Amino acid sequence: MTIFSGIQPTGNITIGNYLGAIKNWVEMQKTENGCIFCIVDSHAITVPQDPNILKEAILTTLAAYIASGIDAEKSIVYNQSKVHQHTELAWIFNCITPIGWLNRMTQFKDKAGKNKEKASAGLYTYPVLMAADILLFHADKVPVGEDQKQHVELARDIAGAFNRRFDVEYFSMPEFITNKTTTRIMSLRDGTKKMSKSDPSDMSRINLTDDNDTISKKIRKATTDSIEGIYFDEEQRPEVSNLINIYAAFTGKSIAAIVEHFTSKQNNEFKQELIDIIIAEIQPIREKIIKLRQHDDHLKEILGKNAEKAGLLAEKTIQEVRDLVGFL
Ligand code: AQP
């Protein structure tokens with residue numbers, strides 16, 4: 001079985017990325033040998049990036065993967081731009097994907113906002129590159145957060161469109177899978193907005209590189225409401241429900257059990273327990289990231305070696321695709 005997923009090196013990895021994606025990857029890696037975890041830097045440049053900061057972010061993202069438990073010997077871990085077949089396949093897919101399908105993608109609407117005309121063509125065709133990432137390796141399963149579900153569905157549609165266009169059964173359908181307990185972690189400042197690496201407010205997220213005092217401060221200052229008691233109601237109490245969700249995702253406990261545990265407790269007791277739980281899991285990861293970043297040459301060597309492994313698999317697919325398309 002082949003498993004493919006990735007994260008953009010667009011800033012500090014958040015607990016949203018960790019709980020929604022990486023934690024699930026670590027679990028899957030325990031039983032599966034065919035895992036490919038990419039640092040999707042070609043996706044990152046769909047919005048402007050400072051070149052020096054991007055280079056740093058690629059290395060920190062790799063360090064975060066390894067520190068969280070990804071084994072770069074067992075799984076293939078590399079940065080996307082090192083394997084040119086991603087963009088070659090994306091171009092072919094661009095030529096078979098109807099514009100109408102891309103117009104339905106909600107992430108483009110969210111990210112382009114009111115400035116749609118000024119957004120890059122790359123941001124618009126981002127989901128086509130993502131389909132190429134997945135199908136280049138004939139991935140069976142794609143473990144991502146719930147926000148990426150629509151893009152995985154589009155990858156299935158593109159696989160079908162390719163097969164129909166060339167009258168083959170070449171690509172099979174990749175399956176979207178997400179963490180059972182975590183669907184979407186929301187911003188600590190606004191419970192209706194997704195927690196994001198690129199949110200202008202650092203207080204809206206917890207980064208894997210945050211120190212214990214910063215984690216504590218961010219949770220204490222996290223927006224809540226003035227309603228008495230701790231209970232789950234995403235409509236009326238999005239912020240409190242988000243904190244309960246984060247608690248559930250870190251501990252694996254059910255929402256019902258958490259609410260029961262806090263029935264007669266105060267908001268500050270709930271927040272303190274949450275802080276302790278987050279720190280217990282994040283502190284060792286942060287310490288490993290710092291250690292790994294002291295050996296950037298080693299990290300670069302890992303990226304190089306793994307890109308070679310990925311390149312071999314990718315080249316086989318692209319040769320077959322070139323032939324099906326009619327390229328000599
Ligand atoms: N808030 C979240 N809750 C659960 N899962 C999340 N993911 C992202 N945010 C949350 C999952 O993390 C993986 C990597 O995402 P990405 O870097 O490719 O892009 P993204 O989804 O756009 O993530 P960010 O953090 O919001 O990045 P920016 O700010 O650069 O756009 C995916 O599996 C995603 O589902």
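One-based numbering, in listed order, for ligands and for the atoms of each. Throughout, residue positions are numbered sequentially from 1 according to the sequence presented. Predicted, not measured: the structure shown is a model, and the values here were computed from it.
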Asker: Just wondering, do Ile177 and Met28 contact through their side chains at under 4.5 Å, heavy atoms?
Answerer: yes

Asker: Are side-chain N/O atoms of Gln150 and Thr106 paired as donor and acceptor at under 3.5 Å?
Answerer: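 Present: a donor and an acceptor within the cut-off.
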
Asker: Output the list of atoms in ligand 1 that are nearer than 4.0 Å to some heavy atom of Gln107, sorted by atom number.
Answerer: 22 (O)

Asker: Within the 4.0 Å heavy-atom shell around Gly6, which atoms of ligand 1 are there?
Answerer: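 Heavy-atom distances to Gly6 below 4.0 Å select 14 (C).
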
Asker: With respect to Asp147, determine whether any N or O atom, backbone or side chain, lies less than 3.5 Å from an N or O atom of ligand 1.
Answerer: yes

Asker: For Gly16, is at least one N or O under 3.5 Å away from an N or O on ligand 1?
Answerer: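 Yes - when backbone and side-chain N and O of Gly16 are compared with those of ligand 1, one distance drops under 3.5 Å.
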
Asker: Classify the ring geometry of Phe171 against Phe93: parallel below 30°, tilted from 30° to 60°, perpendicular beyond 60°.
Answerer: perpendicular

Asker: Is a side-chain donor-acceptor pair under 3.5 Å present for Gln29 with Ser75?
Answerer: yes

Asker: Mind checking whether Tyr247 and His261 have parallel, tilted or perpendicular rings, split at 30° and 60°?
Answerer: tilted

Asker: Counting only heavy atoms from other residues, nucleotides and ligands, does the tally under 6.0 Å from NZ of Lys265 exceed 12?
Answerer: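 More than 12 heavy atoms, drawn from other residues, nucleotides or ligands, come within 6.0 Å of this atom.
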
Asker: Is the closest heavy-atom distance from Thr14 to ligand 1 below 4.0 Å?
Answerer: no

Asker: Atoms of ligand 1 less than 4.0 Å from Gly20 heavy atoms?
Answerer: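 What qualifies from ligand 1 is 4 (C), 5 (N).
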
Asker: Using the ring of each side chain (for Trp, its six-membered ring), is His86 parallel, tilted or perpendicular to Phe4, with breaks at 30° and 60°?
Answerer: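 Judged by the thresholds at 30° and 60°, the geometry between His86 and Phe4 is tilted.
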
Asker: For Lys111, take its heavy atoms, then give the atoms of ligand 1 lying under 4.0 Å from any of them.
Answerer: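 Listed by number with element, the hits are 22 (O), 28 (P), 31 (O).
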
Asker: Check each atom of ligand 1 against the heavy atoms of Arg184 and keep those under 4.0 Å away; list them by number with element.
Answerer: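 What qualifies from ligand 1 is 3 (N), 4 (C).
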
Asker: Give yes if a backbone or side-chain nitrogen or oxygen of Ile185 is under 3.5 Å from a nitrogen or oxygen of ligand 1, and no if not.
Answerer: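 For ligand 1, there is an N or O atom that lies under 3.5 Å from one belonging to Ile185.
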
Asker: For ligand 1, is Met186 a contact, meaning one of its heavy atoms is under 4.0 Å away?
Answerer: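 Heavy atoms of Met186 never come under 4.0 Å of ligand 1.
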
Asker: Please identify which atoms of ligand 1 are closer than 4.0 Å to at least one heavy atom of Ser198.
Answerer: 28 (P), 29 (O), 30 (O), 31 (O)

Asker: Heavy-atom distance under 4.5 Å between the side chains of Arg322 and Glu88, does that happen here?
Answerer: yes

